[in-house]
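Below, chain A is the first sequence line, B the second, and so on; all start at residue 1.
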Amino acid sequence: MRESRDRIYQVVRKIPRGKVATYGQIATLAGLKGHARQVGYALHDLPAGSALPWHRVINAQGRVSPRAEPSYVGIQHRLLEAEGVEIGRGDRISFKRFGWKPRK
DNA sequence: TGCTTGACATAAT
DNA sequence: CATTATGCCAAGC
């Protein structure tokens, strides 16, 4: 559904620079609680060249979700590092430091 | 209309 | 800490 997708985009756009959020969080904030997968769907449908910070959206394990194209994972890592997000060993990100805390 | 799939999440092993 | 199993819900076919 495009409406849900728009809502997801709206939330993703709110992620501050240098922070990351999980799909579950995005889904909840978008009012689609429990539809974490739809978030991934929406992002997959996201056209390349979009100004949406999709790279700030990761899974609950603190890692970049493996995509069809492995190359994009590296790109995402680079984008995150460029924003000040440190990626530890095993491509892990500390939510303790870089987790986005949205206000209810 | 019904089965399969998926940029997920959480718990168990 | 890595892998597996199960639950979840919507979109594709």
Side-chain angles (χ1 to χ4, degrees):
Chain A
M1 231 68 177
R2 193 179 61 217
E3 302 194 343
S4 306
R5 201 190 57 182
D6 288 337
R7 254 188 227 137
I8 292 167
Y9 291 166
Q10 191 70 22
V11 176
V12 174
R13 218 175 294 260
K14 284 173 64 180
I15 303 177
R17 185 172 173 278
K19 299 275 184 178
V20 294
T22 67
Y23 292 92
Q25 270 190 313
I26 301 295
T28 303
L29 293 171
L32 300 167
K33 199 155 94 156
H35 303 139
R37 305 185 99 147
Q38 299 322 119
V39 178
Y41 253 12
L43 291 181
H44 184 261
D45 213 6
L46 188 69
S50 180
L52 199 75
W54 57 272
H55 51 270
R56 292 179 196 150
V57 184
I58 59 181
N59 57 23
Q61 307 197 354
R63 295 194 230 147
V64 180
S65 295
R67 230 172 120 302
E69 289 291 319
S71 324
Y72 275 65
V73 179
I75 295 174
Q76 184 165 358
H77 282 191
R78 205 155 62 127
L79 287 169
L80 288 173
E81 288 180 332
E83 295 188 348
V85 177
E86 293 180 24
I87 301 176
R89 221 155 151 239
D91 303 334
R92 231 177 248 295
I93 300 174
S94 297
F95 277 100
K96 277 297 200 190
R97 297 186 288 177
F98 306 109
W100 177 40
K101 285 120 179 132
R103 58 169 76 98
K104 296 189 293 283

Practice task
Answer yes or no: does a side-chain N or O of Arg92(A) lie under 4.0 Å from OP1 or OP2 of dA2(C)?
Solution key: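 For dA2(C), OP1/OP2 do have a side-chain N/O of Arg92(A) under 4.0 Å.
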Practice task
Respond yes when some side-chain nitrogen or oxygen of Arg63(A) is under 4.0 Å from OP1 or OP2 of dA2(C), and no when none is.
Solution key: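 Yes.
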Let me know the distance between [atom1] of [X] and [atom2] of [N], rounded to the nearest Å.
{"X": "Ile15(A)", "N": "dA7(B)", "atom1": "CD1", "atom2": "P", "answer": "18 Å"}
{"X": "Ile8(A)", "N": "dA10(C)", "atom1": "CD1", "atom2": "P", "answer": "12 Å"}
{"X": "Tyr23(A)", "N": "dC8(C)", "atom1": "OH", "atom2": "C1'", "answer": "17 Å"}
{"X": "Gln38(A)", "N": "dA10(C)", "atom1": "CD", "atom2": "C1'", "answer": "4 Å"}
{"X": "Arg37(A)", "N": "dT10(B)", "atom1": "CZ", "atom2": "C1'", "answer": "12 Å"}
{"X": "His35(A)", "N": "dC9(C)", "atom1": "NE2", "atom2": "C1'", "answer": "5 Å"}
{"X": "Leu29(A)", "N": "dA9(B)", "atom1": "CG", "atom2": "P", "answer": "13 Å"}
{"X": "Leu32(A)", "N": "dC8(B)", "atom1": "CG", "atom2": "C1'", "answer": "13 Å"}

Practice task
Please say whether more than 12 non-hydrogen atoms of neighbouring residues, nucleotides or ligands are located less than 6.0 Å from CZ in Phe95(A).
Solution key: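 Yes - once you tally the heavy atoms of other residues, nucleotides and ligands closer than 6.0 Å, there are more than 12.
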Exercise for the section: Decide whether Val57(A) and Val11(A) are clustered together by the hydrophobic rule: side chain heavy atoms of Ile, Leu, Val, Met, Phe, Trp, Tyr closer than 4.5 Å, transitively. Expected result: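 Hydrophobic grouping puts Val57(A) with Val11(A).
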Exercise for the section: Could you tell me whether the side chain of Arg5(A) and the main chain of Ala42(A) form a donor-acceptor pair under 3.5 Å? Expected result: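 No: the side chain of Arg5(A) does not pair with the backbone of Ala42(A).
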Problem - Gly40(A) or Gln61(A), whichever maps to the more 5' nucleotide of DNA chain B - result: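 Checking each residue's closest nucleotide, the 5'-ward one belongs to Gly40(A).
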Exercise for the section: For the side chain of Tyr41(A), starting at C-beta, report the closest nucleotide among dA11(C), dA7(B), dA9(B). Expected result: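 Looking only at side-chain atoms, Tyr41(A) lies closest to dA11(C).
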Handout entry: Sugar-phosphate only, base, or nothing, as touched by His44(A) at under 4.0 Å among non-hydrogen atoms
Key =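 Counting heavy atoms under 4.0 Å across all strands, the contact made by His44(A) includes a base.
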Practice task
Please step through salt bridge (charged side-chain N to carboxylate O under 4.0 Å, His left out) for the pair Glu83(A) and Lys19(A), ending with a clear verdict.
Solution key: CA-CA 8 Å; Glu83(A) 295 188 348; Lys19(A) 299 275 184 178; over 6 Å; no
